[in-house]
Amino acid sequence: MTETDSNAYDVVVLGAGPVGENVADRTRAAGLTTAVVESELVGGECSYWACMPSKALLRPVIARADARRLPGLRQAVQGPLDAAAIFARRNWYTGDWTDDGQADWLSGIGADLYRGHGALTGPRSVTVGGRTLTARHAVVVATGTRAVLPDLPGLAEVKPWTSREATSAQSVPGRLVVVGGGVVATEMATLYQGLGSQVTVLVRGKGLLNRMEPFAGELVAEALVEAGAEVRTGTSVESVTRSDGTLVVVTGGGDRIEADEILFATGRAPRTDDIGLDTVGLEPGSWLTVDDSLRVSGTDWLYAVGDVNHRALLTHQGKYQARIAGAAIAARAAGTPLDGAEPWSAHAATADHETVPQVVFTDPEAAAVGLSLAEAEQAGYRVRAVDVDMASASGAGLYAEGYKGRARMVVDLEQEIVRGVTFVGPGVGELIHSATVAVAGQVPIARLWHAVPSYPTISEVWLRLLEAYRDN
Ligand SMILES: Cc1cc2nc3c(=O)[nH]c(=O)nc-3n(C[C@H](O)[C@H](O)[C@H](O)COP(=O)(O)OP(=O)(O)OC[C@H]3O[C@@H](n4cnc5c(N)ncnc54)[C@H](O)[C@@H]3O)c2cc1C
């Protein structure tokens with residue numbers, strides 16, 4: 001414990017998800033006394049109901065799909081997956097939804113943990129369980145998000161799934177309706193179809209993964225259908241009822257679908273409705289707008305880091321922000337001027353704007369960093385999209401018989417640098433960091449020719465992209 005006798009700290013962090021933990025790590029490393037307030041489990045959504053359980057569950061599904069693409073191995077993996085063993089491994093990854101290990105880690109870095117619901121009561125002041133903590137330098141809101149359910153009459157009575165139930169389930173529903181077309185919906189549809197559910201995906205829009213290049217959603221939808229799922233686009237949900245255990249979902253078009261469970265993966269809302277934002281002149285329930293040092297606009301002591309600021313709802317981006325916020329708080333506490341907003345600044349989250357990487361763990365995987373063609377054009381860059389078939393890399397054919405995938409590089413024609421890259425195909429998740437380095441590092445195309453990919457790896461797709469750019 002750093003400061004047991006007093007309720008005054010240098011920094012008070014609200015929320016001990018991956019982001020709050022990382023802020024505390026940085027402020028403690030800078031020698032600032034730090035309190036962390038957590039109402040549920042230290043480790044947050046990511047550790048117990050999001051990244052970790054979902055990826056632990058998906059891994060065997062994807063490994064089997066990969067194995068089935070290899071003659072000689074295919075025959076060995078024809079049976080069903082052992083769902084009980086997969087759930088057991090996921091349970092281990094979540095520590096059976098206990099947080100002793102992560103709480104010990106917090107105590108190990110010298111941060112004080114206060115369990116309970118925390119709320120602001122005014123500038124630099126936070127209450128938790130009847131105790132008021134005050135912050136000399138900063139209060140950091142890192143309270144994350146919760147799933148949003150649509151406003152359908154009687155929905156609560158049918159006990160719909162959100163991402164929490166989908167990632168913590170202990171059995172596989174026979175029939176699952178997945179509502180939504182984003183990352184959570186496509187990953188969970190891949191998972192449950194792989195585990196043996198009959199999955200029906202209902203998407204309001206034209207297709208899946210509509211924040212990525214259009215071919216990403218197309219290839220993922222095609223593969224879901226090939227795996228036996230049904231994907232209905234342009235479809236909304238009108239009503240959901242349950243009788244004798246069976247759900248009846250009626251679509252906007254009047255179709256009736258029977259299911260055992262329904263998962264709504266229809267968006268996230270910030271957990272800011274009950275944290276006393278009104279006591280400091282901010283709107284309860286709102287996303288918190290921040291500058292590049294993650295400080296809330298109009299204050300000199302309040303920071304909002306991670307999902308809650310709506311910049312990029314991803315753990316790695318939140319942890320990146322946490323490193324920057326921690327450094328900025330420490331510099332301001334020491335009276336040191338912050339460095340500028342150049343791409344290499346330690347005090348400005350520059351990569352949050354146009355360099356965000358993301359991997360969607362579907363089969364095939366979809367991975368992207370930076371701007372899509374549409375986003376780059378919208379941002380006013382003069383760009384050209386270069387497309388190649390992933391199978392043109394020799395490593396792809398070796399990786400999987402009949403490898404199916406596509407890559408796109410969005411080139412800024414004025415600066416001759418890469419603004420964005422998208423890969424879709426088996427195993428591309430591990431490829432994306434090469435693109436992140438190229439985009440974040442603003443590596444000139446002429447120099448990229450000297451970044452030689454190993455033979456015979458899927459990374460040789462980089463050569464195909466450079467050749468296609470040169471030749472067209
Ligand atoms: C199904 C799913 C899968 C995902 N998979 C990935 C992935 O593979 N990779 C990836 O990068 N991202 C993934 N994400 C996104 C990722 O989970 C979030 O970006 C990440 O959890 C955000 O971290 P955070 O610390 O900002 O918030 P959270 O993880 O939500 O943590 C916030 C913490 O604050 C606490 N809290 C809230 N209010 C209070 C209060 N008033 N007082 C005290 N404590 C409070 C909460 O209990 C929680 O512990 C996924 C999301 C979902 C839903």
Side-chain angles (χ1 to χ4, degrees), residues 12-24 35-59 90 93 97 99 102-103 106 113-120 126-129 133 139-148 161-169 178 180 182-191 263-277 284 287-288 294 303-322 325 356-362 365 367 429 432:
V12 177
V13 181
L14 204 50
V19 174
E21 286 179 324
N22 275 270
V23 172
V36 179
V37 183
E38 173 53 53
S39 59
E40 292 184 84
L41 294 173
V42 176
E45 205 72 14
C46 180
S47 301
Y48 306 99
W49 299 284
C51 328
M52 289 313 283
S54 64
K55 270 75 240 184
L57 290 167
L58 276 158
R59 181 69 202 122
R90 179 274 325 270
Y93 266 97
W97 291 273
D99 66 358
Q102 300 207 51
L106 260 189
L113 172 63
Y114 292 89
R115 291 196 182 266
H117 180 91
L120 289 157
V126 168
T127 57
V128 49
L133 306 173
V139 173
V140 179
V141 177
T143 49
T145 59
R146 62 167 67 89
V148 175
W161 279 10
T162 66
S163 47
R164 282 203 170 194
E165 288 75 21
T167 52
S168 60
V178 175
V183 177
V184 174
T186 51
E187 287 186 347
M188 290 300 105
T190 303
L191 168 67
L263 161 64
F264 283 93
T266 43
R268 313 283 305 173
R271 290 177 68 170
T272 57
D273 45 334
D274 53 2
I275 59 163
L277 286 186
W287 299 101
L288 293 169
L294 289 316
Y303 292 72
V305 190
D307 273 16
V308 81
N309 64 33
H310 207 227
R311 284 187 158 208
L313 277 63
L314 291 162
T315 292
H316 47 271
Q317 290 302 125
K319 284 159 70 171
Y320 161 73
Q321 292 174 8
V356 173
Q358 175 159 32
V359 175
V360 187
F361 291 78
T362 41
E365 287 173 351
I432 200 61

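Just so you know, ligand 1 is whichever comes first in the structure, and atom 1 is the first atom listed for that ligand. Position 1 is the first residue of the sequence; numbering continues from there.
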query: Strictly under 4.0 Å, does any heavy atom of Val308 approach an atom of ligand 1?
result: no
statement: In terms of its nearest heavy atom to atom 52 (C) of ligand 1, the top option of Ala50, Gly116, Gly429 is Ala50
task: Measure from atom 43 (C) of ligand 1 to every heavy atom in Ser39, Ser47, Ala147 and give the option owning the shortest one.
output: Ser39
query: Quick one: does ligand 1 sit under 4.0 Å from the side chain of Leu313, the backbone, both or neither, non-hydrogen atoms only?
result: backbone
field: From Ser163, Pro53, Cys51 - option closest to atom 7 (C) of ligand 1 by heavy atom
entry: Cys51
query: Quick one: does Leu41 get within less than 4.0 Å of ligand 1, heavy atoms only?
result: yes
message: For atom 42 (N) of ligand 1, which of the options Gly118, Ala322, Cys46 provides the nearest non-hydrogen atom?
response: Gly118
Ion pair Glu40/Arg115, N-O distance below 4.0 Å: no
query: Where on Asp274 is there a heavy atom closer than 4.0 Å to ligand 1, on the side chain, on the backbone, on both, or on neither?
result: neither
query: Looking at ligand 1, does Gln317 have a heavy atom less than 4.0 Å from it?
result: no
message: So for Ala142, does at least one of its heavy atoms come nearer than 4.0 angstrom to any atom of ligand 1?
response: yes
Backbone N/O of Tyr48 and side chain of Trp97: donor-acceptor pair under 3.5 Å: yes
field: Short N or O distance, Thr167 and ligand 1, threshold 3.5 Å exclusive
entry: no
- request: Please work out whether any backbone atom (N, CA, C, O) or any side-chain heavy atom from C-beta onward of Arg271 is under 4.0 Å from ligand 1, and answer side chain, backbone, both or neither.
  value: side chain
